[in-house]
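See structure below.
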Amino acid sequence: PATNNAVAQKIPVNYDESKVPPYTLPDVLTTKSGQRITNRKQWESHRPELIRLFSEHVYGKMPTQPVKVRYQTTSVDENALGGKAIRKQISVFFTEYPQLPPMNILLYVPKGTTQRAPVFVSMNFQGNHSVSTDPGIALATRWLPNLGEGKVVNHQATEAARGMQDRRWPVPMILARGYALATVYYGDVEPDHPEGWKTGIRSVLSSPAGPDSWGAIGAWAWGMSRMLDYLETDPSVNAKKTVLLGHSRIGKAALWAGALDLRFAAVIANESGEGGAAVARRWYGETIEHLNAQFPHWFCPQYRTYDNNPNALPVDQHQLLALIAPRPLYVASAVEDQWADPIGQFLGAKATEPVYQLYGRPGLEVSDHPAANQPVGKTIRYHMRTGVHDVTNYDWEQYLKFADEQVK
Ligand code: GTR
């Protein structure tokens, strides 16, 4: 089942292409007041308007005040993973808010490279210790989802939880290709449940409660920029060559972070679906109503007013993707992940092309959705892998190739 939430299960889902009602996406090169955008300068002055609209109607307003941080390197292993990597763990303390636990960064850097390594930046769902069986990784001490058949007990990790997601994180392959990997457990920024904000960053950095107050997706996006702040201080990586990658709900957050923070060199949204790369106006798979029913803490309150009326949204998700331009953007889907609407994600990516064209950057270069396992495009890229909602080695192979061509 696409959702195991009782309320969300009662909301109709459409999986029939012939039942998708006609819709019109807001034109990506037209401002709110109807002005036509014909050059980069006009596009760049339009960006703040789009960010404001996504803040007011979708993700909520981001805090703008700088926060004071202290970086504490808690461990360094110069010979991790059989001598292939340097592993560092860094705790980011938010010093003005001593009640907040730190955000813990796990960083693997390939050994034997003379230059600063380009770096994949990504949050994980189940704790840094879930990314690899490497015994040197500190077990997460924060609230964790009770997944993995007894490996997490009462929302706390056990030793058995090590590497429980390592299938999704081919660390040796990433290192062998010359990339570093920086990851953080997303629950360090905000545990993913409706009460999670109480122990997360939103408990201290809140916009005034209102229709546009930020949600958990905004909080995770904020955390991604704080990861980048740290990486800018670490001489072993090249913080100008960061590839921000997110899967699913973290894919939604990665797109929002990449839209807001131009320091990210490229963005990859793996199966980000509704509220991510999929256009909301297309009634197929998950809808805004499903999202708000199951995850009331993810978006801003105003987003709920579009539950039954995505056409009233002043923006659609292709405009979020366009905020990544002219930086490389990869949107990926999976055949058996119809909940996330592969075609809707393809159309979202496709609709950004006019913006990339303003910069002379090639887009997807096809007009029709490609067959399974046929990546298409250059600066904007897309694939639909066979299989289910997941991150696989196939996906990583495409992302490494994309990073080699577009970022490295
Ligand atoms: C689903 C949700 C999706 C996606 C996914 C995930 O339950 O409906 O929007 O975020 O979770 O994060 O794996």
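Read the numbers this way: they start at 1 and go in the same order the structure lists the ligands and their atoms.
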Sub-4.0 Å heavy-atom approach of Leu291 to ligand 1: yes
Step-by-step side-chain contact (heavy atoms from CB on, under 4.5 Å) determination, Thr379 to Leu329: CA-CA 6 Å; Thr379 312; Leu329 166 69; over 6 Å; no
Closest protein heavy atom (residue, atom, distance) for atom 4 (C) of ligand 1: Ser248 OG, 2.9 Å
Trp256 and Phe54 aromatic ring geometry - parallel, tilted or perpendicular at 30°/60° bounds: tilted
Side chain to side chain, Tyr330 and Val267, heavy atoms closer than 4.5 Å: no
Phe402 six-ring face occupied by Arg381 cation (under 6.0 Å, within 45°): no
Min N/O separation His389 to ligand 1 under 3.5 Å: yes
Identity and separation of the nearest protein heavy atom to atom 8 (O) of ligand 1: Glu286 OE2, 2.5 Å
For atom 12 (O) of ligand 1, the protein heavy atom that lies nearest, with its residue and separation: Arg249 NE, 2.5 Å
Trp298 neighbourhood, listing ligand 1 atoms whose heavy-atom distance to it stays under 4.0 Å: 10 (O)
Whether Lys252 lies under 4.0 Å from ligand 1, heavy atom: yes
Identity and distance of the protein heavy atom lying nearest atom 7 (O) of ligand 1: Phe295 CZ, 3.5 Å
N or O contact, Glu274 vs ligand 1, cut-off under 3.5 Å: no
Output field: ring centroids His369/Tyr382 closer than 6.0 Å: yes
Ring geometry between Trp220 and Tyr186 (parallel below 30°, tilted from 30 to 60°, perpendicular above 60°): tilted
Close approach of Glu271 to ligand 1, heavy atoms, under 4.0 angstrom: no
Test side-chain contact (heavy atoms from CB on, under 4.5 Å) applied to Val121 and Val237, Leu231, Thr183, the passing residue: Leu231
